[in-house]
Amino acid sequence: MRLTIDDVRSRFIKHFDGTTGNVYASPGRINLIGEHTDYNNGFVFPGAVEQGIIAEIKPNGTRGVCREMMALGVPVEGFNTAFAGDVPLGAGMSSSAALESTYAFGINDLWGEGKIDRMELAKVGQRTEHKYVGVNCGIMDQAISCLGKKGALLRLDCRSGEYEYFPWNPKGYQLILVNSCVKHELKGSPYNERRLQCEHVAEVIGKIHPEVKSLRDANYDMLEEVKSQITEDEYKRARYVIGEVVRVLTVCDALQKDDYETVGKMMYETHHGLSKEYEVSCEELDFLNEVAKEEGVTGSRIMGGGFGGCTINLVADELAANFKKVVVEKFEKKYGKKPIVIDVVIGDGSRRLC
Ligand code: GLA
């Protein structure tokens with residue numbers, strides 16, 4: 001994390017009584033592949049980044065309300081707090097999950113004796129999104145923020161909750177984010193509608209194939225069988241998700257063989273699906289994807305929920321410097337503003353700093 005403890009401490013001291021509290025941190029994330037698969041009970045493959053949120057917290061003896069933690073039996077009391085962040089807002093890097101995870105982790109440490117495990121803390125953040133923000137998100141963002149490990153991606157089965165760390169040590173390649181600066185906000189976006197469409201298709205397929213509980217269990221043949229019973233949009237959404245669940249596993253296998261060409265090919269397929277079938281792209285993101293292709297980038301796609309934010313690019317080391325320069329020039333020429341280029345370093349999940 002690039003932020004330092006002082007970024008919150010100075011504010012904390014200024015606003016409160018001059019004493020200090022505990023400082024906690026949680027990161028934002030990247031996701032190599034597996035987009036919109038989490039709420040379809042499929043796989044995701046994210047990693048925590050070095051940027052995130054840090055918060056200083058000190059109990060002040062008054063009563064506070066952190067309902068979800070209290071619902072888990074943690075006797076939360078009032079507290080003084082200050083926080084700061086360096087994960088860009090609205091960039092599809094999960095700044096909100098970083099915030100939720102920081103407080104869930106800190107509260108667990110201060111009042112819960114650290115007894116609630118990290119996956120449960122992630123679910124606290126997810127429920128907060130569902131109940132208080134109104135975004136019916138999956139578990140990916142909060143899970144990686146709580147569970148992230150330096151230098152490793154996390155393959156998470158969003159149905160069973162099982163996960164495995166994969167060392168991220170690409171030989172001759174690097175990950176580069178290009179933030180279109182088109183503000184992505186899931187609240188009020190068609191995100192919840194996409195989820196409902198997926199659930200509806202799974203339900204229709206489930207009437208014929210009772211083993212299908214969510215789209216994770218479906219295949220293309222099953223989808224064809226129900227084509228006349230669903231809308232054209234639903235058909236497209238489901239086609240994308242069925243393909244994406246398989247792509248995550250393909251990428252995990254390819255990574256173990258250092259086969260970055262396959263990883264990249266899958267990333268381009270994901271972009272195509274997110275743009276044309278799932279329809280969560282925008283002109284700027286499609287443009288960034290085209291530039292990546294033109295510049296010989298191995299893999300490129302929209303990252304996160306879509307409707308703005310970043311593309312994630314798998315770039316051969318020898319092309320990286322030129323790509324970073326050219327993508328900024330071409331984007332600025334077309335849209336009159338510079339995108340922001342971010343080098344990805346995979347960092348740790350939630351932790352206490354002091
Ligand atoms: C957002 C949500 C996640 C996930 C992604 C898309 O980041 O919070 O749960 O659905 O979009 O993969």
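Order of listing sets the numbers, starting from 1, for every ligand and every atom in it.
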Enquirer: Suppose we measure from atom 8 (O) of ligand 1 to each protein heavy atom; which comes out shortest, and what is that distance?
Expert: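 Its nearest protein heavy-atom neighbour is Asp141 OD2, 2.7 Å.
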Enquirer: So, Glu244 versus Thr270: side-chain donor-acceptor pair below 3.5 Å or not?
Expert: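 There is such a pair (donor and acceptor under 3.5 Å, judged by atom type) between the side chains of Glu244 and Thr270.
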Enquirer: Give the contacting part of Gln142 toward ligand 1: side chain, backbone, both or neither, where contact means a heavy-atom distance below 4.0 Å.
Expert: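 For Gln142, no heavy atom sits under 4.0 Å from ligand 1.
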Enquirer: Suppose we measure from atom 3 (C) of ligand 1 to each protein heavy atom; which comes out shortest, and what is that distance?
Expert: Asp38 OD2, 3.3 Å
Enquirer: With no hydrogens and no angle check, do the side chains of Glu283 and Tyr335 hold a donor and an acceptor under 3.5 Å apart?
Expert: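 There is such a pair between these side chains.
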Enquirer: Using distance alone, decide if ligand 1 has a nitrogen or oxygen within less than 3.5 Å of any nitrogen or oxygen in Glu35.
Expert: yes
Enquirer: Is the distance from the ring center of His15 to that of Phe12 below 6.0 Å?
Expert: no
Enquirer: Using the benzene-type ring in the case of Trp, are the ring centres of Tyr24 and Tyr103 under 6.0 Å apart?
Expert: no
Enquirer: Decide whether the shortest distance between a heavy atom of Arg29 and an atom of ligand 1 is less than 4.0 Å.
Expert: yes
Enquirer: After noting the C-alpha distance and the side-chain angles of Arg127 and Val124, does the key distance pass the side-chain contact (heavy atoms from CB on, under 4.5 Å) rule?
Expert: CA-CA 5 Å; Arg127 286 200 292 276; Val124 166; 3.9 Å; yes
Enquirer: Write out the residue and atom name of the closest protein heavy atom to atom 10 (O) of ligand 1, then the distance separating them to 0.1 Å.
Expert: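 The closest one turns out to be Tyr191 OH, 2.6 Å.
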Enquirer: Determine whether Ile176 and Leu319 fall in the same hydrophobic cluster, where Ile, Leu, Val, Met, Phe, Trp and Tyr are linked whenever their side-chain heavy atoms lie under 4.5 Å apart.
Expert: yes
Enquirer: List ligand 1 atoms under 4.0 Å from Gly138, heavy atoms only on the residue side.
Expert: 9 (O)
Enquirer: Using the six-membered ring of Tyr268, assess whether NZ or CZ of Arg301 lies under 6.0 Å from its centre and within 45 degrees of the ring axis.
Expert: no
Enquirer: Can you sort out which atoms of ligand 1 are near Tyr39, meaning under 4.0 Å from one of its heavy atoms?
Expert: 10 (O)
Enquirer: At a 4.0 Å threshold, what atoms of ligand 1 neighbour a non-hydrogen atom of Cys137?
Expert: 2 (C), 8 (O), 9 (O)
